[in-house]
Amino acid sequence: QLVESGGGLVQAGGSLRLSCAASGRSFSNYGMAWFRQGPGKEREFVASTRGIEGTKYYSDSVKGRFTISRDNAKNTVYLQMNSLKPEDTAVYYCAADYLGGGNNAHEYDYWGQGTQVTVSS
């Protein structure tokens, strides 16, 4: 089970930190990712981190502004979002992929319920 938190309303240029707490065992074996779905848009990849070696990937739209990190001792993955823009407005979803961690949503086995992020101009 994945439970996201930390969403909310923020002005453009502001920051938010999303958290995703995972239940279960062997969290470090799971690649973890954040995806988002804006109003009227398809779900898109935001960032991911592989479980063991911790390699990180970012979409071009968030590179340099967002940072994904994980704390395997706490079974938690984070998304630090800085310099937020109105186009970052979306529902943000956490996902887990056993031994994976790429940018393809179809590879992810588990999904959270999502948390709303709204960026006002």
Side-chain angles (χ1 to χ4, degrees):
Q1 183 181 7
L2 302 175
V3 179
E4 301 100 333
S5 61
L9 174 64
V10 64
Q11 289 188 333
S15 298
L16 280 175
R17 188 194 196 201
L18 305 183
S19 299
C20 173
S23 59
R25 302 171 66 179
S26 304
F27 176 76
S28 60
N29 286 333
Y30 283 82
M32 300 298 296
W34 290 94
F35 291 80
R36 68 186 182 186
Q37 187 166 14
K41 299 180 180 179
E42 294 185 354
R43 189 171 298 190
E44 65 171 349
F45 171 78
V46 176
S48 66
T49 174
R50 293 193 180 275
I52 302 299
E53 74 272 25
T55 304
K56 300 175 183 180
Y57 304 93
Y58 296 94
S59 69
D60 288 342
S61 62
V62 307
K63 197 173 296 182
R65 299 188 298 123
F66 291 10
T67 301
I68 189 170
S69 62
R70 63 190 297 159
D71 185 337
N72 288 337
K74 295 183 178 179
N75 283 13
T76 302
V77 63
Y78 305 96
L79 185 68
Q80 177 66 44
M81 305 185 295
N82 298 328
S83 301
L84 282 160
K85 304 175 181 180
E87 52 263 43
D88 293 319
T89 295
V91 177
Y92 283 71
Y93 297 91
C94 174
D97 175 21
Y98 185 66
L99 298 182
N103 62 2
N104 188 342
H106 297 293
E107 296 176 347
Y108 285 81
D109 308 301
Y110 304 98
W111 292 82
Q113 81 289 349
T115 185
Q116 177 71 47
V117 172
T118 303
V119 184
S120 64
S121 57

Assess R36 against Y93: is NZ or CZ under 6.0 Å from the centre of the six-membered ring, and within 45 degrees of the ring's axis?
no

Examine R70 relative to Y78 and say whether NZ or CZ is less than 6.0 Å from the centre of the six-membered ring and inside a 45° cone about the ring axis.
no

For the aromatic rings, using the six-membered ring if either is Trp, is the centroid distance between W111 and F35 under 6.0 Å?
yes

Can you name the nearest heavy-atom pair linking [X] to [Y], along with the distance?
X   : Y    : answer
G7  : V117 : CA-CG2, 4.1 Å
S15 : Q80  : CB-NE2, 4.0 Å
L18 : W34  : CB-CH2, 3.7 Å
M32 : A96  : SD-CB, 3.6 Å
L84 : R65  : CA-NH1, 3.9 Å
P39 : T89  : CD-O, 3.9 Å

Cluster overlap [X] with [Y], hydrophobic side-chain contacts below 4.5 Å:
X    : Y   : answer
Y110 : F45 : no
V62  : V91 : no
F27  : L79 : yes
L9   : F66 : no
Y92  : L2  : yes

Hey, does V77 have a side-chain heavy atom less than 4.5 Å from the side chain of C94?
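Yes - at least one pair of side-chain heavy atoms lies under 4.5 Å apart.
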
Under a 4.0 Å threshold between the charged nitrogen and the carboxylate oxygen, would D60 count as salt-bridged to K63?
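Salt bridge flag = yes for D60 with K63.
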
Atom OH of residue position Y57 - does it have more than 12 heavy atoms of other residues, nucleotides or ligands inside 6.0 Å?
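It does: Y57 OH has more than 12 such atoms within range.
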
May I ask you to check whether over 12 heavy atoms, not counting those of K74, lie within 6.0 Å of atom NZ?
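Atom NZ in K74 is not packed in, count stays at 12 or less.
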
Backbone N or O of S120 within a donor-acceptor pair of the Q11 side chain at under 3.5 Å?
no

Flag, side chain of K56 to backbone of A47, donor-acceptor distance under 3.5 Å:
no

E4 vs Q113, test: side chain to side chain contact (heavy atoms under 4.5 Å, CB included). Steps then yes/no.
CA-CA 7 Å; E4 301 100 333; Q113 81 289 349; 2.8 Å; yes

If you measure only the distance, is there a donor-acceptor pair under 3.5 Å linking the side chains of D71 and T76?
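Judged by distance alone, the side chains do not pair up.
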
Show your reasoning for whether side chain to side chain contact (heavy atoms under 4.5 Å, CB included) applies to Y30 and D97.
CA-CA 5 Å; Y30 283 82; D97 175 21; 5.8 Å; no

